[in-house]
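Along the sequence shown, residues are numbered consecutively beginning with 1.
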Amino acid sequence: MEGSGEPLDPQPPHPGDHRIRDGDFVVLKREDVFKAVQVQRRKKVTFEKQWFYLDNIIGHSYGTTFEVTNGGSLQPKKKKEEPTSETKEAGTDNRNIIDDGKSQKLTQDDIKALKDKGIKGEEIVQQLIENSTTFRDKTEFAQDKYIKKKKKKYEAIITVVKPSTRILSIMYYAREPGKINHMRYDTLAQMLTLGNVRAGNKMIVMETCAGLVLGAMMERMGGFGSIVQLYPGGGPVRAATACFGFPKSFLSGLYEFPLNKVDSLLNGTFSVEMLASEPKDSASVEESNGTLEEKQTSEQDNEDSVAEGPESHHPPEQETMEIISQDPEYKEPKERGNKKDYIQEKQRKQEEQRKRHLEAAALLSERNADGLIVASRFHPTPLLLSLLDFVAPSRPFVVYCQYKEPLLECYTKLRERGGVINLRLSETWLRNYQVLPDRSHPKLLMSGGGGYLLSGFTVAMDNLKADPSLKSNASTLESNKTEEPAAKKRKCPESDS
């Protein structure tokens with residue numbers, strides 16, 4: 001339904017996003033392993049010890065399964081009917097099977113020779129089954145387990161799926177949990193729910209999870225509303241956000257603001273001159289930081305550093321040139337014309353960035369945000385106590401931390417400060433189950449922990465301090481409360497007499 005939307009509508013990312021196109025971000029899936037890449041023609045991709053090109057996936061639908069053939073080409077895999085259980089020969093139990101390593105007649109040299117001849121993995125698996133002396137003596141469950149294990153080893157089957165919050169969070173948690181502060185995917189889902197992230201909201205987010213939390217919020221809001229991202233250092237890191245492949249319309253409601261300017265904004269001393277007094281190279285540093293983070297992610301995710309190979313022999317004094325050369329928009333002097341045009345383009349980006357900072361400052365100064373989400377590697381207490389002033393009353397806030405001790409301290413400080421209700425410190429518990437006929441049970445391995453969440457709601461707290469009449473009313477209510485038990489005590493003797 002959403003795939004046929006108009007291009008001007010910000011909700012669907014593309015008019016026909018059910019088809020893979022050149023330049024799209026996709027996720028490669030093999031069994032339970034995921035990897036996010038960008039589709040580019042003649043780009044060599046390495047995944048699970050297999051290398052291939054993504055040219056042939058362009059034009060196919062998301063969810064299509066491909067098989068790696070000779071030369072690194074991907075071909076759609078045709079579905080074949082599996083043999084029914086009636087045709088299988090299986091034993092009753094495995095007690096008489098001895099694993100002495102002599103049950104397989106094919107040697108490693110034979111298997112290598114079959115691969116060199118170009119025989120597909122499916123045929124290799126079939127030959128392994130035929131040359132196994134103990135396969136027919138195994139139970140039906142053991143046979144299925146054996147076939148699944150051999151297919152995983154010899155069949156190069158890859159499924160291309162569309163990026164989503166669930167898939168990317170599972171991918172990061174399995175491959176690089178340190179980059180997302182060990183935030184498990186069910187914890188991220190709880191954050192989005194407790195924070196009431198929805199379309200049309202004005203949200204504030206402070207995260208150091210490579211942009212995963214930001215991308216999850218943008219996906220849920222669907223391009224409607226606004227998000228102000230507070231970032232430490234030179235610039236925001238959005239490596240995971242880029243993997244979502246959001247259209248430009250989604251970015252129109254995204255603002256960023258430096259964390260070191262929050263105090264001046266709260267004190268009322270923030271001005272345009274403060275942004276103008278920043279170093280001239282701040283924009284280039286931010287771009288390089290984001291690019292370097294994306295490079296690091298791509299090095300570990302894509303496992304191909306062909307473009308960065310020639311730079312390894314540069315001396316230390318050329319680090320500045322290396323950072324500039326890693327900028328995707330940087331071009332050699334012959335390609336980009338002259339340095340003057342490059343400097344002018346750089347200044348234009350700095351001016352645009354300054355304008356976006358001013359717009360973000362204006363949004364924060366209204367102090368009517370609909371929610372606050374904090375998920376960073378810093379101590380949550382000073383962050384939360386400062387940022388709560390930007391949130392409107394009766395709005396939710398959520399704080400994530402890998403450990404519970406900082407959140408316990410934050411909980412205590414909030415109770416002393418006031419202005420919040422329904423404080424709750426929670427930890428989600430997750431266990432995966434295997435669901436198969438006659439074999440459904442919890443999996444042997446499970447996650448030990450996915451982090452802790454501190455959530456609550458803001459309330460107005462300045463009215464009693466500002467209005468003395470409210471204080472008198474409050475004291476009257478307190479006096480009435482103290483008189484109530486006394487009246488009840490007088491009734492007790494009367495009832496006894």
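Counting only N and O atoms by type, the side chains of S73 and Q75 include a donor and acceptor under 3.5 Å apart. Judged purely by distance below 3.5 Å, without hydrogens or angles, the side chains of S447 and R184 pair a donor atom with an acceptor atom.
Within a 6.0 Å sphere centred on NZ of K404, other residues, nucleotides and ligands contribute 12 heavy atoms or fewer. Shown here is L436, whose CG atom has more than 12 heavy atoms of other residues, nucleotides or ligands within 6.0 Å. Dense packing is recorded around CZ of R367, with more than 12 heavy atoms of other residues, nucleotides or ligands lying under 6.0 Å away. Taking a 6.0 Å sphere around CZ of F378, one finds it holds more than 12 heavy atoms contributed by other residues, nucleotides or ligands. Within 6.0 Å of CG on N267 lie more than 12 heavy atoms contributed by other residues, nucleotides or ligands.
Looking at L254 and L251, their side chains come closer than 4.5 Å, going by heavy atoms from C-beta outward. The shortest distance between side-chain heavy atoms of P380 and L454 does not fall below 4.5 Å. For the pair I157 and K77, the minimum side-chain heavy-atom distance is below 4.5 Å. Side-chain contact check for V228 versus L364: some heavy-atom pair is nearer than 4.5 Å. Contact of the V262 side chain with the F390 side chain is registered, since non-hydrogen atoms from C-beta on lie closer than 4.5 Å. Between P232 and M206, the closest side-chain pair of non-hydrogen atoms falls below 4.5 Å. Contact check for D22 versus R41: side-chain heavy atoms found under the 4.5 Å cut-off.
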- After noting the C-alpha distance and the side-chain angles of Y400 and L407, does the key distance pass the side chain to side chain contact (heavy atoms under 4.5 Å, CB included) rule? CA-CA 8 Å; Y400 166 82; L407 292 181; over 6 Å; no
- Run the side chain to side chain contact (heavy atoms under 4.5 Å, CB included) check on H379 and E409 step by step: do they pass? CA-CA 10 Å; H379 200 289; E409 181 182 342; 3.2 Å; yes
- side-chain hydrogen bond (donor to acceptor under 3.5 Å, both in side chains) between R238 and Q229, intermediate numbers included: CA-CA 11 Å; R238 296 171 180 170; Q229 181 188 10; 2.9 Å; yes
- Check step by step if salt bridge (Lys or Arg N to Asp or Glu O under 4.0 Å) holds for E48 and K29. CA-CA 10 Å; E48 289 291 285; K29 178 179 180 293; over 6 Å; no
- Verdict with supporting geometry, L230 and L387, side chain to side chain contact (heavy atoms under 4.5 Å, CB included): CA-CA 10 Å; L230 303 173; L387 299 180; 3.2 Å; yes
- Tell me, with the steps shown, if D55 and L74 meet side chain to side chain contact (heavy atoms under 4.5 Å, CB included). CA-CA 8 Å; D55 299 44; L74 292 179; over 6 Å; no
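One finds no salt bridge joining K151 and E31 here, because no Lys/Arg side-chain nitrogen approaches an Asp/Glu carboxylate oxygen to under 4.0 Å. Here R348 pairs with E352 in a salt bridge; the nearest charged N to carboxylate O distance falls below 4.0 Å. We find that D370 and K202 are not joined by a salt bridge, their nearest charged nitrogen and carboxylate oxygen being 4.0 Å or further apart.
One N or O on the side chain of T241 and one on the backbone of G211 form a donor-acceptor pair closer than 3.5 Å. A donor-acceptor pair is defined here as one N or O able to donate and one able to accept, closer than 3.5 Å; such a pair exists between the side chain of T412 and the backbone of L408. Using modelled atom types, one side-chain atom of Q434 and one backbone atom of R439 make a donor-acceptor pair closer than 3.5 Å. Side chain of S264 to backbone of T269: no donor-acceptor contact under 3.5 angstrom is found. Side-chain atoms of Q347 never come within 3.5 Å of backbone atoms of E351 as a donor-acceptor pair (strictly under, hydrogens ignored). A side-chain donor-acceptor contact under 3.5 Å links R19 to the backbone of G59. Side chain of S226 to main chain of G253: no donor-acceptor pair is present (N/O by atom type, distance under 3.5 Å, no hydrogens or angles). Within the 3.5 Å criterion, the main-chain N or O of I158 finds no donor-acceptor partner in the side chain of T65. Of the possible polar contacts, none joining the N432 side chain to the P442 backbone as a donor-acceptor pair under 3.5 Å is found. Remark: the backbone N or O of M183 is not paired with any side-chain donor or acceptor of T187 at under 3.5 angstrom.
Of all non-hydrogen atoms in F257 and H357, the two that sit nearest each other are CD1-O, 3.6 Å. Across all their heavy atoms, L168 and P163 have their closest contact at CD1-CB, 4.3 Å. Closest approach of F250 and M218 over heavy atoms only: CE2-O, 3.7 Å. Between V398 and G195, the shortest heavy-atom contact is CG2-N, 3.5 Å. The two residues N201 and M221 make their nearest non-hydrogen contact at O-CE, 3.2 Å. The two atoms that bring H182 and Y173 nearest to each other are O-CE1, 3.9 Å, heavy atoms only.
Note: Y53 and W51 have perpendicular aromatic rings, judged against thresholds of 30 and 60 degrees for the angle between ring planes.
Here Q50 pairs with nothing under the side-chain hydrogen bond (donor to acceptor under 3.5 Å, both in side chains) rule; sequence neighbours left out. Residues passing the side-chain hydrogen bond (donor to acceptor under 3.5 Å, both in side chains) test with T208 are N181, sequence neighbours excluded.
For the pair K35 and F47, the cation-pi test (distance below 6.0 Å, angle within 45°) is failed. For R175 and F34, the positive end is not near the middle of the six-membered ring at less than 6.0 Å and at most 45° from its axis.
Remark: aromatic rings of H60 and F66 are close, center separation under 6.0 Å.
Note: C410 SG to L383 CG = 9.0 Å, rounded to the nearest 0.5 Å. Rounded to the nearest 0.5 Å, atoms CG (L414) and CD1 (I421) are 12.5 Å apart. Remark: M203 CE to R395 CZ distance equals 10.5 Å, nearest 0.5 Å.
Between I20 and the choices L54, T64, V26, the side chain to side chain contact (heavy atoms under 4.5 Å, CB included) rule is met once, by V26.
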